[in-house]
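Note sheet for the following structure.
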Amino acid sequence: MSATDFAFQKSISPDSPETFDIGQVLTSCPRTNDLLDVEYDWNRVAVPSSLREFERRWGNRRDPLDFSGVRRFRELLPFAPDDQIVTIGEGQTILQKCDSVARYVGLKPGGLHLQYEGLNPSGSFKDNGMTAAATHARMVGAKVAACASTGNTSASLAIYAGVSGLFRVIVFVGSGKIAYGKLSQALDYGATTLQIRGDFDDALRQVRDVCRDAGIYLCNSVNPFRLEGQKTIIYRILESLNWEVPDWIVVPGGNLGNSSAFGKALLELKTLGLIETLPRLAVINAAGANTLFELYEQRGLRWNGGRPDQTLVDAFYADMDAKGRRADTLASAIEINRPVNLKKCLRALDACHGIVREANDAEILDAKAMIGAGGFGCEPASAASVAGARLLRQEGIIAPSDRVVCILTGHQLKDPDATVGYHSVDLGSKLADKGVTRRLYQNSPIVVDNDFATIMEAVRRLQVS
Ligand code: F0G
């Protein structure tokens with residue numbers, strides 16, 4: 001039996017029972033337009049009886065499928081035959097205990113872990129999903145793939161196309177909306193880059209229409225295969241915690257693909273009897289791009305058994321458009337006002353007794369500086385997780401003794417402008433324009449004349465202070 005016989009696509013809505021073959025290229029249910037899941041007939045999958053059985057593969061690093069931090073969990077995302085899998089060694093990421101950040105958040109020593117997804121080949125968590133999307137693209141014989149991106153998805157898609165040579169890539173980015181590290185990656189890896197005069201929400205709308213009309217394979221997180229790969233971040237967290245479930249998982253929210261994938265992973269593990277309890281999930285928006293926070297926390301939008309109140313969503317977007325409100329945050333990766341995975345994220349929040357918070361740019365950049373000083377650089381959007389955990393601790397929702405995992409989604413070098421802007425004295429004006437007037441953990445360079453005595457004087461002053 002082929003690995004693909006027991007996998008199929010299905011709408012997330014309980015009102016759409018029809019299923020679709022995995023050979024079909026779909027980004028929504030053709031009838032209801034709802035998001036799709038990849039689902040499996042688990043009775044026919046050889047799933048290990050314990051998560052510990054995946055450890056067998058640790059010693060087998062010469063096999064690319066066992067080396068990959070995504071593919072070594074392949075029985076939990078079994079939609080592709082082994083010979084179709086596209087992997088570039090993604091998912092070699094670590095979960096690191098960080099007591100200095102634990103102190104900052106207000107947790108006991110040992111209570112805070114950082115899941116460092118910046119260690120992926122393209123420097124962000126997106127590679128977990130892109131191995132899966134690239135694999136599906138190969139299965140259906142796609143020759144051109146595309147995505148809209150705030151930068152990391154495009155870097156990731158570009159690297160998979162470059163390494164595999166399987167397809168050409170067109171990436172759509174908002175003009176002036178993408179951090180330079182990420183733009184440089186897309187250009188360097190040979191992707192064709194379309195800079196749309198607009199933002200991410202505009203670029204995503206355009207790329208969806210273009211892909212539909214031009215028969216191009218779409219790699220945004222509306223592609224249900226991509227999210228299958230992102231489930232493995234959860235497996236690796238559990239693995240690092242000796243298969244124990246933490247109290248909290250805290251993740252930044254942009255297009256809400258990651259939080260959705262986490263919810264699906266956890267629900268499936270529970271259904272399969274591989275874990276007994278679920279962690280609580282906290283999704284953190286940037287305050288300048290806070291659609292989920294507004295809808296979930298302020299207006300009470302809920303999963304509601306798969307039938308969320310669409311009128312709440314429509315009214316929110318109508319109001320946003322009437323006021324001409326666009327997403328606006330220095331955490332450019334999550335500068336998104338119309339998260340496409342909203343409903344899937346509601347499902348995850350429902351399953352994991354979830355909570356949503358917003359962090360402003362000053363809080364995000366202060367948290368980023370603390371993470372950096374703890375030895376784990378990240379880009380601004382990633383630091384929203386730590387900023388959010390701190391807020392939840394201050395509110396007493398996270399307890400001092402809780403075990404908390406914050407996801408660091410992207411590498412520090414993705415957005416050096418944000419880091420240098422925060423720390424340097426003279427480059428802070430862009431931050432001030434965005435309302436960041438205080439920089440609590442500024443570590444400015446010391447400017448000295450090119451003169452030995454003056455330099456020694458500066459060094460002596462440092463030694464005494
Ligand atoms: N953190 C980083 C570094 C990201 O690049 C993104 C999303 C997120 C968090 C949010 O994740 O969308 O799953 O909720 N970046 C996308 C991109 C939108 O185009 O690279 P999400």
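- Under the 4.5 Å side-chain criterion, counting only non-hydrogen atoms from C-beta, C147 is not in contact with V207.
- The pair K97-D99 meets the salt-bridge criterion, with a side-chain N (NZ, NE, NH1 or NH2) lying under 4.0 Å from an Asp/Glu carboxylate O.
- No donor-acceptor contact under 3.5 angstrom links the side chains of Q185 and D188, judged on distance only.
- A donor and an acceptor atom, one from each side chain of T131 and T87, are nowhere located under 3.5 Å apart.
- Judged by distance alone, the side chain of D66 and the main-chain N or O of R72 form no donor-acceptor pair under 3.5 Å.
- Taking SG of C98 as the reference point, atom CG of L112 lies at 7.0 Å (rounded to 0.5 Å).
- Among pairs with a residue in residues 86-106, those fulfilling ring-ring contact (aromatic ring centres under 6.0 Å, His included) read Y104-Y441, at least two apart in sequence or across chains.
- Checked against a 6.0 Å centroid threshold, the rings of Y40 and F6 do not count as neighbours.
- Checked for salt-bridge contact, E363 and R390 miss the test: no charged N lies under 4.0 Å from a carboxylate O.
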Exercise for the section: Give the C-alpha distance, both sets of side-chain angles, the deciding distance and a yes or no for side chain to side chain contact (heavy atoms under 4.5 Å, CB included) between L119 and Q92. Expected result: CA-CA 7 Å; L119 289 177; Q92 309 302 319; over 6 Å; no
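- Two residues are said to be in side-chain contact when any heavy atoms from C-beta on lie closer than 4.5 Å; I397 and W248 meet this criterion.
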Validation: residues 7-14 side-chain donor-acceptor distances under 3.5 Å, sequence neighbours left out:
{"from": "Q9", "atom 1": "NE2", "to": "D21", "atom 2": "O", "distance (Å)": "2.9"}
{"from": "Q9", "atom 1": "NE2", "to": "Q24", "atom 2": "O", "distance (Å)": "2.9"}
{"from": "S11", "atom 1": "OG", "to": "S13", "atom 2": "N", "distance (Å)": "2.9"}
{"from": "S13", "atom 1": "OG", "to": "D15", "atom 2": "N", "distance (Å)": "3.0"}

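- In summary, D415 and K368 do not engage in a salt bridge, as defined by a charged side-chain N under 4.0 Å from a carboxylate O.
- Across all non-hydrogen atoms, the minimal contact from P17 to R31 is CD-NH2, 4.5 Å.
- Taking all atoms of both residues into account, the shortest heavy-atom contact from N152 to S124 is CB-OG, 3.5 Å.
- For the pair E379 and Q412, the minimum side-chain heavy-atom distance is 4.5 Å or more.
- With a 4.5 Å cut-off on side-chain heavy atoms, R280 and D247 do not count as touching.
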Practice task
I would like to know whether D127 and S156 meet side-chain hydrogen bond (donor to acceptor under 3.5 Å, both in side chains); could you show each step before the answer?
Solution key: CA-CA 6 Å; D127 296 349; S156 183; 2.5 Å; yes
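- The distance from atom CD1 of I237 to atom CD1 of I249, rounded to the nearest 0.5 Å, is 4.5 Å.
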Exercise for the section: Determine, stepwise, if the pair N128 / R236 fulfils side-chain hydrogen bond (donor to acceptor under 3.5 Å, both in side chains). Expected result: CA-CA 11 Å; N128 293 285; R236 296 198 301 275; 2.9 Å; yes
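- A distance of 3.5 Å separates OG1 in T93 from CD in E117, rounded to the nearest 0.5 Å.
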Handout entry: Check against side-chain hydrogen bond (donor to acceptor under 3.5 Å, both in side chains), D366 and Y422
Key = CA-CA 9 Å; D366 284 344; Y422 180 90; 2.5 Å; yes
Problem - Test log, rule side chain to side chain contact (heavy atoms under 4.5 Å, CB included), inputs Q96 and Q115 - result: CA-CA 6 Å; Q96 182 76 23; Q115 174 68 16; over 6 Å; no
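- No hydrogens or angles considered: nothing links the side chains of N285 and N290 as a donor-acceptor pair under 3.5 Å.
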Handout entry: Working for side chain to side chain contact (heavy atoms under 4.5 Å, CB included), residues R338 and L204
Key = CA-CA 10 Å; R338 291 178 186 266; L204 184 58; over 6 Å; no
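- At a threshold of 4.5 Å between non-hydrogen side-chain atoms, the residues T153 and M130 count as touching.
- At distances below 3.5 Å, not a single donor-acceptor pair connects side-chain atoms of D201 with backbone N or O atoms of I336.
- Residues R393 and V105 share a closest heavy-atom pair of CG-O, 2.9 Å.
- The minimum heavy-atom distance between L76 and E268, with the atom names listed, is O-OE1, 4.2 Å.
- Distance CZ/R226 to OG1/T27: 12.5 Å, rounded to 0.5 Å.
- S149 contributes a side-chain N or O that, together with a main-chain N or O of S154, makes up a donor-acceptor pair within less than 3.5 Å.
- For the pair I159 and P121, the minimum side-chain heavy-atom distance is below 4.5 Å.
- Residue Y235 forms a ring pair (Phe, Tyr, Trp, His ring centres under 6.0 Å) with just one option from W243, F73, F54, and that option is F73.
- Here the OG atom belonging to S259 is positioned 7.0 Å from the CG atom belonging to L292, to the nearest 0.5 angstrom.
- H411 NE2 to F376 CZ: the interatomic distance, rounded to the nearest 0.5 Å, is 10.5 Å.
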Practice task
Please step through side chain to side chain contact (heavy atoms under 4.5 Å, CB included) for the pair F79 and M139, ending with a clear verdict.
Solution key: CA-CA 10 Å; F79 68 83; M139 288 166 68; 4.1 Å; yes
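- Under the 3.5 Å distance criterion, with hydrogens and angles disregarded, a donor-acceptor pair is assigned to the side chains of E90 and S68.
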Exercise for the section: Determine, step by step, whether S332 and T150 satisfy the side-chain hydrogen bond (donor to acceptor under 3.5 Å, both in side chains) criterion, reporting the C-alpha distance in whole Å, the side-chain angles of both residues, the deciding distance to 0.1 Å, and the verdict. Expected result: CA-CA 7 Å; S332 60; T150 55; over 6 Å; no
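- The two atoms that bring P308 and L346 nearest to each other are CB-CD1, 3.8 Å, heavy atoms only.
- Both tests do not hold together for R62 against F67: distance to the six-membered ring centre under 6.0 Å, angle to the ring axis within 45°.
- Between P279 and the choices V250, I234, L266, the side-chain contact (heavy atoms from CB on, under 4.5 Å) rule is met once, by L266.
- N337 places none of its side-chain heavy atoms less than 4.5 Å from the side chain of D199.
- Proximity of a side-chain donor or acceptor of S122 to a complementary backbone N or O of A155 within less than 3.5 Å is not detected.
- Taking a 6.0 Å sphere around CZ of R138, one finds it holds more than 12 heavy atoms contributed by other residues, nucleotides or ligands.
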Only pairs under 3.5 Å count here: list side-chain donor-acceptor contacts from residues 211-218, not counting sequence neighbours, and write none if there are none.
{"from": "R212", "atom 1": "NH1", "to": "D209", "atom 2": "OD1", "distance (Å)": "3.3"}
{"from": "Y217", "atom 1": "OH", "to": "H136", "atom 2": "ND1", "distance (Å)": "2.6"}
{"from": "Y217", "atom 1": "OH", "to": "N223", "atom 2": "ND2", "distance (Å)": "3.0"}

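- Counting heavy atoms from C-beta outward, L408 and S385 have side chains that approach closer than 4.5 Å.
- Counting only distance, with no hydrogens or angles, the side chain of T192 and the backbone of I170 share no donor-acceptor pair below 3.5 Å.
- Of the charged side-chain nitrogens involved, at least one lies within less than 4.0 Å of a carboxylate oxygen, so that R347 and D37 count as a salt-bridged pair.
- Nearest heavy atoms, A145 versus C219: CB-SG, 4.1 Å.
- Salt-bridge annotation for R71 and E228: absent, with no side-chain N of the basic residue lying under 4.0 Å from a carboxylate O of the acidic one.
- Between the side chains of N341 and S260, no donor N or O sits under 3.5 Å from an acceptor N or O.
- Looking at N258 and Q230, their side chains do bring a donor and an acceptor atom within 3.5 Å of each other.
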